[in-house]
Number of protein chains: 2
Amino acid sequence: MVTRKERAALTRAALLDAARRVFAERGYLGTKITDITAAAGRSTGTFYEHFADKDELLTALMADLENDADIGIEHLEGEHDLTDRAHLRAHIAVFVTVYRKHLPVIVARLQSTMAADPSTGSAWRTLYDETGSFRRHLEYLSEKGHRLPGDPALLAAAMGAMMSMLGYSLFTAGDHGPAYGDDAIVDALTDLLLNGLAGAGQ
Amino acid sequence: MVTRKERAALTRAALLDAARRVFAERGYLGTKITDITAAAGRSTGTFYEHFADKDELLTALMADLENDADIGIEHLEGEHDLTDRAHLRAHIAVFVTVYRKHLPVIVARLQSTMAADPSTGSAWRTLYDETGSFRRHLEYLSEKGHRLPGDPALLAAAMGAMMSMLGYSLFTAGDHGPAYGDDAIVDALTDLLLNGLAGAGQ
DNA sequence: GTCTATACTGGGATAGAC
DNA sequence: GTCTATCCCAGTATAGAC
């Protein structure tokens, strides 16, 4: 016995899943509502029974992702030291793992953010919000007396910007780009941020 | 005496200039052809006499920018050392200067790139192309025996990604974001990349 | 709740007069 | 070359039957 409510939940899930698949192919901006419903085997009108618009669907997808990301960095919080290689590497590894797993959603999200009116400053807002973990760690270091190369919020944003944009470029490149393994990427970013260019030769 | 040709050139210039102004306000994606023509004091049809579409106009604007950028890094080419603080800083400074000066065009360009179909890998292509200078310097270091934290192309892309995305976020934030001076930004990025987090305390 | 059919809108692009 | 007027399409969103 399948209730009305259960069928609705099923349809909703089908739409969300279809959206991920279609976003992976065509991205967020290139995807029409009808693309999603077609991929889900549902009709156009049904979409609006579950979401007000494409943006609301994206928000729903983001919820899953944020949950995963929170779980990933949960045990990394606390008074750890970001200048410790293993700890910095773990942070970056979480980022890469989540990026890989939720690629369609992250791609969609970044496209959506970049498509927004620049003068609202939404890009900064998003970047700031998404780099809270880095920022807190850097602030902690700063308070402890460690002399950082700049303001914690600025550095955290710079690190986040690097990872977001590089991840987007690299992971959407597919056959059109280079084939680095995840470990190579994580190691390179870790050592670049930890020791920089000058320190790496030693 | 103003010839037909001169008037046409004037109109073209007016359209380009108007586009910069409107892009600064609403961005590339949020700007309609009619916004540009209205700002230029011309009529809709006239636009198509000079450009096939919005994208072609953007390409024309990019030409100016690339010229400026080339001039900026011209004297930085050659067998210099990117692990030398002054040299790395000069590179980053050029980037910030060009970003500031051509902000509307860079914003437009990044929006346009991000709006493209992700599966074509155009983001990687663009990033790769725009980081040629970094890449060549790193390859030179690598050949000289300096042990880098990763593949030159990957590191160059990472640095470019950081600067592009951070620049976009920071410079479009306006009142909605923090107010770092250009020097603070350049110094922070320089030291972050040169010494990293661990080396900065020394 | 889901379908089909259709109305509506924004915006790109063109035709033809001047 | 530039203008005005208009066409046209893609894509969103709704109305009403089932």
Side-chain angles (χ1 to χ4, degrees), chain A residues 1-61 107-108 111-112 114-118, chain B residues 1-19 21-23 25-61 108-109 111-112 114-120:
Chain A
M1 194 52 189
V2 183
T3 69
R4 231 174 151 74
K5 214 172 167 183
E6 284 165 348
R7 284 197 31 231
L10 229 55
T11 294
R12 188 188 149 93
L15 288 170
L16 286 168
D17 193 59
R20 291 182 58 120
R21 275 177 285 130
V22 185
F23 286 167
E25 272 176 47
R26 272 164 277 191
Y28 180 75
L29 300 173
T31 296
K32 306 172 276 202
I33 306 282
T34 50
D35 290 336
I36 299 172
T37 53
R42 302 299 199 285
S43 65
T44 315
T46 296
F47 180 92
Y48 295 94
E49 192 63 33
H50 297 272
F51 308 98
D53 50 30
K54 210 166 49 165
D55 197 65
E56 198 176 291
L57 180 146
L58 178 56
T59 305
L61 285 173
V107 163
Q111 276 200 323
S112 168
M114 297 296 301
D117 184 345
Chain B
M1 194 53 192
V2 184
T3 69
R4 231 173 151 74
K5 213 171 166 183
E6 284 164 350
R7 283 197 32 231
L10 230 55
T11 294
R12 188 188 149 91
L15 288 170
L16 287 168
D17 193 58
R21 276 179 283 131
V22 185
F23 286 167
E25 272 176 47
R26 271 164 278 190
Y28 180 75
L29 300 173
T31 295
K32 306 173 275 204
I33 307 281
T34 50
D35 290 336
I36 299 171
T37 51
R42 301 300 199 287
S43 65
T44 315
T46 296
F47 180 92
Y48 296 93
E49 191 64 33
H50 297 272
F51 307 99
D53 50 29
K54 210 166 51 168
D55 197 66
E56 198 176 290
L57 179 145
L58 178 55
T59 305
L61 285 174
R109 159 70 167 215
Q111 276 201 323
S112 167
M114 297 297 301
D117 184 344
S119 66
T120 60

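Predicted model, so just to flag it, every value in this text is computed and none were measured. Here is how names work: the chains are called A, B, and so on, in the same order as the sequence lines, proteins then strands, and each is numbered from 1.
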Side-chain donor/acceptor pairs under 3.5 Å, residues 46-53 of chain A, sequence neighbours excluded:
unit_1: A:T46; atom_1: OG1; unit_2: A:S43; atom_2: OG; d: 3.4
unit_1: A:D53; atom_1: OD1; unit_2: A:D55; atom_2: N; d: 3.3
unit_1: A:D53; atom_1: OD1; unit_2: A:E56; atom_2: N; d: 3.1

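- Scanning for side-chain contact (heavy atoms from CB on, under 4.5 Å) contacts around A:A19 gives A:F23, A:I36, A:L57, A:L61, with sequence neighbours left out.
- Between B:T46 and D:dC3 there is a side-chain polar atom (N or O) within less than 4.0 angstrom of OP1 or OP2.
- For the atom pair A:Q111 CD and A:T31 OG1, the distance stands at 8.0 Å (nearest 0.5 Å).
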Sub-3.5 Å pairs of nitrogen or oxygen atoms, protein against nucleotides 16-18 of chain C:
none

Look for any protein N or O under 3.5 Å of an N or O in nucleotides 12-14 of chain D and output each such pair with its distance, or none.
unit_1: D:dT12; atom_1: OP2; unit_2: A:I33; atom_2: N; d: 3.1
unit_1: D:dA13; atom_1: OP2; unit_2: A:Y48; atom_2: OH; d: 3.3

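- B:E49 has its CD atom 6 Å from the C1' atom of D:dG1, to the nearest Å.
- Between the C1' atom of D:dT2 and the NE2 atom of B:H50 lies a distance of 8 Å, rounded to the nearest Å.
- Heavy-atom minimum distance, A:K54 versus A:L29: NZ-O, 4.0 Å.
- Every residue was checked against the side-chain hydrogen bond (donor to acceptor under 3.5 Å, both in side chains) condition with A:R12, not counting sequence neighbours, and none meets it.
- Overall bending of the helix from C:dG1-D:dC18 to C:dC18-D:dG1, expressed as the angle between end axes built from five pairs apiece, is 10° (10° steps).
- Take B:T11 and apply the side-chain hydrogen bond (donor to acceptor under 3.5 Å, both in side chains) test, not counting sequence neighbours, and it matches B:R42.
- A distance of 10.0 Å separates CG in B:L15 from CD1 in B:I33, rounded to the nearest 0.5 Å.
- Remark: A:R21 CZ is packed, more than 12 non-hydrogen atoms of other residues, nucleotides or ligands lying under 6.0 Å away.
- Listed by chain and residue number, nothing satisfies the side-chain hydrogen bond (donor to acceptor under 3.5 Å, both in side chains) test with B:S112 (two or more places apart in sequence, or in another chain).
- Contacts between residues 5-16 of chain B and DNA chain C, defined by a heavy-atom separation below 4.0 Å, involve no residue at all.
- Contact between B:A40 and B:A14 at its shortest, heavy atoms only, is CB-O, 3.7 Å.
- For B:R26, the side-chain hydrogen bond (donor to acceptor under 3.5 Å, both in side chains) partners two or more places apart in sequence, or in a different chain, are B:D35.
- Applying the side-chain contact (heavy atoms from CB on, under 4.5 Å) test to A:A24 and every residue at least two apart in sequence or in another chain returns A:P104.
- Across the protein-nucleic acid pair, B:I36 atom CD1 and D:dT2 atom C1' stand 17 Å apart, rounded to whole Å.
- By the side-chain contact (heavy atoms from CB on, under 4.5 Å) test, B:A116 is found to be paired with B:S122, residues two or more places apart in sequence or in another chain being considered.
- A:L29 places its CG atom 18 Å from the P atom of D:dA10, with the value rounded to the nearest Å.
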